[in-house]
Amino acid sequence: MFNPMQFTPQELMLRDSVIAALNSSLSLPQVLEASRPTFLEFTQSDAMGLCLMRLKPTLDFRWHVPGHPVLILNEYSGVAEHDFMRQPIFDRPNMVIRDSQILTRDQYQRSLIWQRSHELNQRLEHVSAVLLPIRKDLVGALAFYRFQPRAFSSENANAISSLTAHLVNAVRNCNDVEKYVAGAQLLEELHNRPDCAFVIVEPASHEVYRSPRAANLLERWFRPSELHSSGLPGVFTERLDALIPMDADTRLGKTLWVVNHPEGYRTCRFIELPAAEGPRRWALLLSELPHAIPLPFEMQRQLTPRQIDIAKGVLRNWSNGQIADELKISGQTVKTHVRDLFDRLGVDNRNDFLYQAARLNRPV
């Protein structure tokens, strides 16, 4: 969890600059390139890379390396089995791992990664990485590199940790957009998709456009008495009014609205759209999810047997007390398990857990 007391005023300014860059575009290469200079300065690194990995049907990966090239990543498929960071970060998602925590210096220098980097005349003297659960069968490995023999410190790890949730949010938003089309044609493409519902809003509460399916959903979801004078549902205008003045840290975990209805879960994701200047528009992405949400295999493989039992209770929309009664354990134990499994899965809260589990079972 982000603690501003761990950073100097200068470091907090750098961190704010990284966050602004992560929200500057809905194109992942542009996001990474924009954030790279301050990201590297903040983490005291020489280079960085983000590897997006799809876990099934077979492991497939693609590296995004902004700015300074990391030569060994051009031939990563040939050395992947010798990547000593891969299993540790898979074992502990959302936890920043440093090479010095898992290998002695002598072991590191005998590794194929270190030896090959020397052959390429680009010595990877130190590595720090973290696994980021994104969604569906998609995860990201964020790695930072130093070309001089100066190990990453716990303070450097804290700097990376303070930004991982923002990076996950940026990748999810970029991934959502990439599924349809890039750039200015987004709205036209969304308009023509039968499985997509969205509303575009300009602050404050001025509706610019709603897709036909969104009009149908909102008519079913809300009574006329629940609408704001703008025509938008009052709960949406209230959420937007709250989100707009928030800083990026405060917004985390608050951009998803979920309601449990007899027909299924009704959801709305609030995404701030990039803009060169002036007020930034917001996209409200609407969807309906089924009640019967099994625990996806991708989530099960990251959890302990007891956490799996707890997770299945959460997916049934049980309270902590109901889960405790079913499993015959204390409510405090359930609360601890819920917190730990959310941390492992990289979800913000119960609503986000329901939403991500539903997407894994039936992408929306």
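Values in this document were obtained by computation on a predicted structure and should not be read as measured data.
- Leu132 has its side chain out of reach of Val171: every pair of non-hydrogen atoms, C-beta onward, lies at least 4.5 Å apart.
- Ser230 meets the side-chain hydrogen bond (donor to acceptor under 3.5 Å, both in side chains) test with His228; sequence neighbours excluded.
- Around CZ of Arg123, the count of heavy atoms belonging to other residues, nucleotides or ligands within 6.0 Å does not exceed 12.
- No donor-acceptor distance shorter than 3.5 angstrom exists from the side chain of Asp99 to the backbone of His126, with no hydrogens or angles considered.
- Counted by atom type alone, Trp282 and Glu202 present zero donor-acceptor pairs between their side chains at under 3.5 Å.
- Across all their heavy atoms, Gln307 and Asp340 have their closest contact at NE2-CB, 3.6 Å.
- Between Leu112 and Phe84 the shortest side-chain heavy-atom distance does not fall below 4.5 Å.
- Heavy-atom neighbours of Glu119 CD from other residues, nucleotides or ligands within 6.0 Å: above the threshold of 12.
- Shown here for Ser128 and Ile160, the closest heavy-atom pair between the two residues is OG-CD1, 3.8 Å.
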Checking Ile271 against Leu285 for the side-chain contact (heavy atoms from CB on, under 4.5 Å) test, could you report, in this order, the C-alpha distance in whole Å, the side-chain angles of both residues, the deciding distance, and whether it holds? CA-CA 8 Å; Ile271 298 179; Leu285 304 185; 3.7 Å; yes
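- Remark: the backbone N or O of Arg150 is paired with a side-chain donor or acceptor of Arg146 at under 3.5 angstrom.
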For residues 323-330, please give each side-chain donor-acceptor pair under 3.5 Å, one per line with the distance, not counting sequence neighbours.
{"from": "Ser330", "atom 1": "OG", "to": "Thr333", "atom 2": "N", "distance (Å)": "3.0"}
{"from": "Ser330", "atom 1": "OG", "to": "Thr333", "atom 2": "OG1", "distance (Å)": "2.7"}

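- By the 4.5 Å heavy-atom criterion applied to side chains, Gln302 and Pro133 are counted as neighbours.
- Closest non-hydrogen pair, Asn94 versus Arg344, comes out as ND2-O, 3.7 Å.
- There is a side-chain donor-acceptor pair under 3.5 Å between Glu288 and Trp221.
- In this structure, Phe353 and Phe342 have tilted ring planes: the angle between them lies in the 30° to 60° band.
- If you check the side chains of Ser153 and Asn156, you find a donor sitting under 3.5 Å from an acceptor.
- A ring-ring contact (aromatic ring centres under 6.0 Å, His included) check over residues 27-52, counting only residues at least two apart or in different chains, returns the pairs Phe7-Phe42, Phe39-Phe144.
- In this structure, Met13 places its CE atom where only 12 or fewer heavy-atom neighbours from other residues, nucleotides or ligands lie under 6.0 Å away.
- Residues Val199 and Leu218 meet the side-chain proximity criterion, which asks for heavy atoms closer than 4.5 Å.
- Counting non-hydrogen atoms of other residues, nucleotides and ligands closer than 6.0 Å to CZ of Arg116 gives a total above 12.
- With a 4.5 Å cut-off on side-chain heavy atoms, Gln122 and His68 count as touching.
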